[in-house]
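I have a structure I would like to understand better, so I am pasting it below and will then ask my questions one at a time.
Order of listing sets the numbers, starting from 1, for every ligand and every atom in it. Only a predicted model underlies this, so the values are computations on that prediction, with no experimental measurement involved.
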Amino acid sequence: MTPSGLPGAVGVVRPPRSPRTRLVVVSTAAVGQAAAVIIAAAVAARPTGVLGVATGSSPMSLYAALAGMRADGLATEGLSLVALDEYAGLAGDDPRSYRSYVGTHIAEPLGVPAARTFVPAGSTAAQGAEYERTIRRLGGVDLQIVGIGRNGHIGFNEPGSAFDSRTRPVELDPSTRIANAPYFGGDPAAVPARAMTQGIGTILDARAVVLVVQGRAKAEALAAALYGPITPDVPASVLQAHRNVTVVADTDAFEAR
Ligand code: PGA
């Protein structure tokens with residue numbers, strides 16, 4: 001066992017700027033399992049709770065690890081799933097949609113029915129407000145999984161997003177469309193220009209947040225989020241103000257600056 005008690009954790013790391021942020025740095029191979037141990041504790045404490053889920057490549061191994069824990073007896077079927085964001089203009093059954101990702105990589109492996117799987121859809125402010133009502137009706141998010149963009153975004157809250165923003169339609173940064181182009185045949189112009197995202201205020205309302213970060217491309221954004229000032233220029237830096245945040249980063253994202 002390592003000092004943090006999590007599998008694959010490396011030794012002492014520079015403490016984050018916020019004393020409330022727990023930081024776990026692990027080998028790339030251990031990210032999924034380390035994050036899953038944290039999520040599983042919350043699920044075991046509240047098997048009918050609300051799990052906020054992120055899409056993207058970083059949390060993939062986490063969902064695979066959670067599915068493995070389900071096979072070993074962790075009850076995940078009673079959860080409700082609330083996604084962070086979704087592209088505008090893609091059909092829900094488009095394999096590139098986050099609705100498809102959540103179904104394939106999270107809801108199905110965890111045995112959560114479609115009736116308790118929520119993904120923000122559409123492109124209007126009214127649809128954003130409706131998603132906020134859905135989250136409220138569920139009693140709020142118990143634990144929100146988030147990733148970080150190369151530009152520091154959380155969800156699709158791009159730099160400059162207001163800290164009190166709620167679920168709303170947004171424009172994607174050119175840099176985000178470039179980062180996500182591999183999922184669209186390598187063409188940034190093929191990535192939808194607009195999306196629906198939980199706001200920063202929505203994310204901050206979650207009772208706990210787990211940020212999962214992998215890869216060298218995230219190193220600069222992660223360092224700014226952990227050690228820099230809280231600023232809208234780096235949306236993830238606002239997590240310093242949340243009382244219950246755990247960051248699980250691989251050594252590439254943490255050390256390669
Ligand atoms: P990634 O995306 O996990 O696919 O790198 C994270 C994000 O952009 O929020």
Task: Atoms of ligand 1, numbered as shown, that sit under 4.0 Å from any heavy atom of Ile148 - done: 6 (C), 7 (C), 8 (O), 9 (O)
Open item on the list: Going by side-chain contact (heavy atoms from CB on, under 4.5 Å), Leu110 matches just one of Thr117, Val53, Val43, Thr76. Which one?
Closed with: Thr76
Open item on the list: Ring-plane angle category for Tyr63 and Tyr101, please: parallel below 30°, perpendicular beyond 60°, tilted otherwise.
Closed with: perpendicular
Open item on the list: For the 3.5 Å polar cut-off, considering only N or O atoms, please tell me whether His153 and ligand 1 meet it.
Closed with: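 N/O-N/O distance under 3.5 Å: yes.
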Open item on the list: Applying a heavy-atom cut-off of 4.0 Å, say which part of Arg150 lies close to ligand 1: side chain, backbone, both or neither.
Closed with: neither
Open item on the list: Contact between Arg168 and Ser161 at the side-chain level, heavy atoms closer than 4.5 Å - yes or no?
Closed with: yes
- [ ] Using a 4.5 Å cut-off on heavy atoms from C-beta on, say whether the side chain of Glu86 contacts that of Tyr131.
- [x] no
Task: Atoms of ligand 1 close to Gly56 [distance to a heavy atom under 4.0 angstrom, numbered from 1] - done: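 The atoms of ligand 1 under 4.0 Å from a heavy atom of Gly56 are 3 (O), 4 (O).
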Open item on the list: On a heavy-atom basis, I'd like to know which of Gly152, Ser58, Ser57 is closest to atom 4 (O) of ligand 1.
Closed with: Ser57
Task: Cationic N near anionic O, under 4.0 Å, Asp173 to Arg150 - done: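 No, Asp173 and Arg150 are not salt-bridged.
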TODO: Determine whether any heavy atom of Lys218 lies closer than 4.0 Å to an atom of ligand 1.
DONE: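 In this structure, Lys218 qualifies as a contact of ligand 1 - some heavy atom is under 4.0 Å.
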